[in-house]
Amino acid sequence: MSKETEAPRADKELDLSNAGRGVWLVKVPKYIANKWEKAPSNIEVGKLKISKQVGQKAQVSLTLSDAVISIDTGEDIPREHKLDVSVVTKQTLGVFSHSVPTTSREDAAPEGEKLFMEGRIVQRLECRPLGDNAYMKMKLESIRKASQPTRQVKSLEKIVHNFKPVSDHKHNIEDKERKKAEGKKSRDDKNAVLDMLFNAFEKHQYYNIKDLVKITRQPISYLKEILKEVCDYNMKNPHKNMWELKKEYRHYKDDEKKEENKGMSDSDSD
């Protein structure tokens, strides 16, 4: 059912009939958990033995069944374990279960979901191996596997052909093509660059640096050195971030006409 059509969930009641029951919280090693996860639900996984003497703490031991030991998880594990017991006093911990009943008949409405409190944790147990020969053998094997390098040197009997990937990012391809078309920029004579700049500024008064690089085909750092000598860089609108010739180098047609008109007016006055 999609999120759009999913019916709103009703609040579920919590069954507290077992709230007063004490339960154990048991922590087992990972290698036991791996075996138990693969074990069928209808087999015996082990036997728990509790022995208590007067004036001493209870001794709890776990013996795994043959059916669990024979499950293939890639390692041989020890059969005998002990459980260290500690009483939970400073924490309030509980165990809860969630039941989702189903119905086999299509015409029958399913029962609602249920939440149960299975009990309050009163003891915490940690399962540990006895440290016998079976455990030591398992640890040695795990250390040996961990020490094996992930990469190994192998001798090749025939040549291995390595191929570069065919696909490439679009911007990388465009950048390579642009560099190939432009070629490696080399510094021209300074006077030649100045001639190209003056010719360009006769056509337009303002240029940005990208256009000037295309016109002169010079390295941008070298071009900026020359521009600083003969040009001003505008920092304000309307020609912000653009270059124009310094006043002493400007020579536009409008200025020529003004000089001619000025000369004509002076001659008339004479």
Side-chain angles (χ1 to χ4, degrees), residues 14-15 17-102 113-163 165:
L14 178 61
D15 189 333
S17 57
N18 294 325
R21 182 170 60 180
V23 296
W24 291 2
L25 175 64
V26 182
K27 181 180 178 182
V28 299
K30 188 176 181 179
Y31 59 83
I32 294 181
N34 291 338
K35 296 277 188 180
W36 283 354
E37 282 184 4
K38 291 188 176 183
S41 59
N42 58 346
I43 69 168
E44 179 185 284
V45 296
K47 290 184 178 181
L48 200 65
K49 182 180 178 181
I50 303 174
S51 58
K52 187 175 182 180
Q53 296 181 0
V54 179
Q56 296 182 358
K57 291 184 178 180
Q59 303 293 322
V60 184
S61 62
L62 171 66
T63 303
L64 298 177
S65 65
D66 292 336
V68 168
I69 294 293
S70 61
I71 295 174
D72 185 15
T73 57
E75 58 182 351
D76 296 328
I77 67 173
R79 182 187 302 273
E80 300 294 335
H81 295 77
K82 64 178 180 179
L83 286 87
D84 296 333
V85 183
S86 60
V87 181
V88 179
T89 57
K90 296 182 179 181
Q91 289 180 304
T92 302
L93 304 174
V95 178
F96 299 85
S97 63
H98 179 204
S99 175
V100 185
T102 58
E113 299 180 21
K114 294 182 180 180
L115 295 176
F116 300 89
M117 184 172 183
E118 300 295 346
R120 182 173 55 86
I121 295 174
V122 293
Q123 289 192 117
R124 180 179 296 174
L125 294 87
E126 187 163 352
C127 182
R128 301 180 183 274
L130 296 180
D132 54 8
N133 291 334
Y135 173 73
M136 297 305 296
K137 184 179 179 181
M138 182 191 71
K139 291 300 294 181
L140 285 173
E141 182 64 19
S142 63
I143 293 171
R144 185 188 66 80
K145 289 181 179 179
S147 63
Q148 289 181 349
T150 55
R151 297 183 178 181
Q152 298 180 353
V153 178
K154 294 183 179 180
S155 60
L156 302 177
E157 298 179 356
K158 56 183 180 179
I159 298 174
V160 178
H161 297 281
N162 293 326
F163 298 94

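All of these numbers come straight from a predicted model, not from anything done at the bench.
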Would you call D72 and K38 a salt bridge, taking side-chain N to carboxylate O under 4.0 Å as the test? no
N/O donor-acceptor pair under 3.5 Å between K35 side chain and I71 backbone: yes
Smallest separation among heavy atoms of M117 and L14, with atom names: N-CD1, 4.0 Å
Kindly compute the distance separating CG (L64) from SG (C127), expressed to the nearest 0.5 Å. 7.5 Å
Minimal non-hydrogen separation, P129 against P78, with atom names: CB-CG, 4.3 Å
Counting only heavy atoms not in Q148, do more than 12 sit closer than 6.0 Å to its CD atom? yes
By ring-ring contact (aromatic ring centres under 6.0 Å, His included), Y31 pairs with (sequence neighbours left out) H81
Does the side chain of K49 come within less than 4.5 Å of T63's, by heavy atoms? no
Exercise: identify the closest heavy-atom pair between K145 and G74: NZ-O, 3.2 Å
What distance do L25 atom CG and Q123 atom CD have between them, rounded to the nearest 0.5 Å? 11.0 Å
Once you round to the nearest 0.5 Å, how far does CG of D66 lie from CD of E44? 9.5 Å
Non-hydrogen atoms of M136 and G131 that approach each other most closely: CG-O, 4.2 Å
Is the count of non-hydrogen atoms from other residues, nucleotides or ligands lying under 6.0 Å from R120 atom CZ greater than 12? no
Have a look at D84 and tell me which of K27, R124, R128 forms a salt bridge (Lys or Arg N to Asp or Glu O under 4.0 Å) with it. R128
If I take atom CD1 from residue I43 and atom OG from residue S65, how far apart are they, to the nearest 0.5 angstrom? 5.5 Å
First locate atom OG of S99, then atom CG of L115, and finally report the distance between them rounded to the nearest 0.5 Å. 9.0 Å
Would you call L130 and Y135 a side-chain contact if the rule is heavy atoms closer than 4.5 Å? no
Min side-chain heavy-atom separation I77-N34 under 4.5 Å: no
So which heavy atom on I50 is nearest to which on A58, and how close? CG2-CB, 4.4 Å
Just wondering, are more than 12 heavy atoms of other shown residues or ligands nearer than 6.0 Å to CG in D76? no
Rounded to the nearest 0.5 Å, what separation is found between the NZ atom of K82 and the CD atom of Q59? 8.5 Å
Atom of A39, atom of V45 and distance for their closest heavy-atom approach: CB-CG1, 4.3 Å
If we only count heavy atoms from C-beta on, is the L48 to W24 side-chain gap below 4.5 Å? yes
Is there a side-chain contact between E75 and M138 in this structure, where contact means two heavy atoms from C-beta onward sitting under 4.5 Å apart? yes
